[in-house]
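Just so we're on the same page: letters track the sequence lines, and every chain starts at 1. Predicted model, so just to flag it, every value in this text is computed and none were measured.
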Amino acid sequence: MKKNNDTQSNISLTIAGIKLKNPVMPASGTFGCGKEYNQLFDINQLGAIVTKSITLYPTKGNPPPRTCEVNAGLLNSIGLQNDGLNNFIKDDYPFLSKLKIPVIVSIAGKSEDEYVKLVLKLNRLTKIAAYEVNISCPNVTHGCVIGKDAKLTEKLISKLSKISRYPLIVKLTPNDVNIVDIAKICEASGAKAVSLVNTFLGMSIDINTRKPKLGNIFGGVSGPAIKPLALRMVYETARNVKIPVIGMGGISSAEDALEFLIAGASAVQIGTANFTNPFVMLEIIEGITSRCQALQVLRV
Amino acid sequence: MRLFSKEITSGARAGQFVQIKAGDELSPLLMRPFSFFAIDWEKKTFSILYQIKGRGTKKLSSYKKGDKINALGPLGNYFSYPKLIRNPVLIAGGVGIAPLACFADDLLRCKKDVTILLGLKEKSIYNFLKEYFNFLKPGRFLTAIESEGHCGTVVDFFENMSSKQKYDYAAACGPNAMLKHLQKIFDKNNIPASCSMEAHLACGIGACKGCVIKIREKGRGERPLALTYRRVCADGPIFNLREIIF
């Protein structure tokens, strides 16, 4: 047993002041608030949980079909469907507050004002480790407006870091931006970490009906198909900022996760792979642990 | 295809489904949902019915007796019906027969006089199903097979049935176009109806909200009818057919 304890401490780390027992967490939106997956395994084994993005008011989401499979990837346009902040506090927070792992709450707003209101209200809750500020959702009209604009990003993150009780992790878009520049701006504006990448904007067409396969025409591409693209962005960003980088994009195995860690990510998020194998995060944690042990690596 | 699993079978009910990942290739990437076609609680086995259409189902067909396969379930809700019904009719299009076959089993155990109507494009699975449903009363398994010269679809067949008024409950599964027509007929004849819906699923357990369909829901106050999105995987796959917006 002692050996096991030693192993666990080997892959623990601190990001943005949050202690994680391992560097593996779900990517926002793929894991709900964890309730569903907790029926399959004890989610307290994860490094942290990242919730689905919460908006100030209930959000209906995009018209179906909302997902379609592409070669080695998934195209989605959920559109941030959620029951809004008040219902989150009423329905999901009680569950989250009982977890033994850090809870990272993802927030999304249509305007700076909405982000501010979200943070002020969430600040009253005690069981939150950090906010992941989603300024990169490709599936809502206002989703990427801030994330693609250096000035708006600077304004928003400076404002939020002044009022936030908890550290800010900013989730970045890979679409139409120099992601390194945006990451640097987040760092200068007070973000304690950045997470990248959100999905790549894409589409798919049914050649029989000649219509887009998604109800919303465009969607975000995730899964193994985007891994090399995401890895390059994580590598470059990690070399240009001092704050920790949380890497994601098509990670489906411990080997994939190690690539991101070697590229400079401090931790990784797993999204689409959860849909292929709901236990994949546990396998990745185990894989990273045994790899570190085999190489006698003391710290990730 | 028949699969053995103590865990999946023990809590399984008609209408529920399993997510199956055939092989570990990147394409198809995600698991695919299959309704229970039959459940044998004693032998701890369940069966699924599939048609070879793409790479995934082709891969499924390559499995041999004794092979292991990754399956997650039982998932979703199950068929529930008013206790007092006597004459349920189950209407299926193609492999949509799968959840209804399982449901027919359930209804028969509760001594209901079940009738099944099945629409097929071609005769391929007819013989298998004809034999499979020999537990039904004579004349209770009716088919409309297009390639055998049957005029119209199973919907037309049902609409032209002089006895359709006698049915006090219906359940359906098949293409959306079929369900949409049936909805009109059930509305007109005021027959309560359930249906099993199909959608592209990602997580399959209710977390990702990727598989929603539009539902006409009873709203409050001034807006008696409101549109909401419901998840096929967790709020369904069984819905009240008359509330769905196609």
Check: Under the side chain to side chain donor-acceptor pair (under 3.5 Å) criterion, do A:S106 and A:N134 qualify, and how do the steps go?
Finding: CA-CA 6 Å; A:S106 171; A:N134 181 359; 4.5 Å; no
Would you find more than 12 non-hydrogen atoms of other residues, nucleotides or ligands less than 6.0 Å from [X] atom [atom1]?
{"X": "A:K35", "atom1": "NZ", "answer": "yes"}
{"X": "A:E259", "atom1": "CD", "answer": "yes"}
{"X": "B:D24", "atom1": "CG", "answer": "no"}
{"X": "A:I217", "atom1": "CD1", "answer": "no"}
{"X": "A:Y57", "atom1": "OH", "answer": "no"}

Notebook entry, point to check: Which residue out of A:N71, A:T272, A:T30 racks up the most heavy-atom pairs below 4.5 Å with chain B?
Noted result: A:N71
Item checked: Options A:A273, A:P63, A:G215, A:G34, ranked by heavy-atom pairs under 4.5 Å with chain B, top entry -> A:P63
Note to self: Under the side-chain contact (heavy atoms from CB on, under 4.5 Å) test against B:F34, which residue among B:L49, B:V95, B:I48, B:L3 passes?
What the structure shows: B:I48
Next item on the list: Indicate yes or no: does B:E25 engage B:K59 in a salt bridge with an N to O separation below 4.0 Å.
Entry: yes
Item checked: Residues in residues 169-188 of chain B near chain A [non-hydrogen atoms, under 4.5 Å] ->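 Result: none.
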Item checked: Side chain / backbone / both / neither for B:K209 at chain A, heavy atoms under 4.5 Å ->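 It is both, since atoms from each part get that close.
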Item checked: A:E69, part contacting chain B, at a heavy-atom distance under 4.5 Å ->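 Just the side chain, heavy atoms under 4.5 Å.
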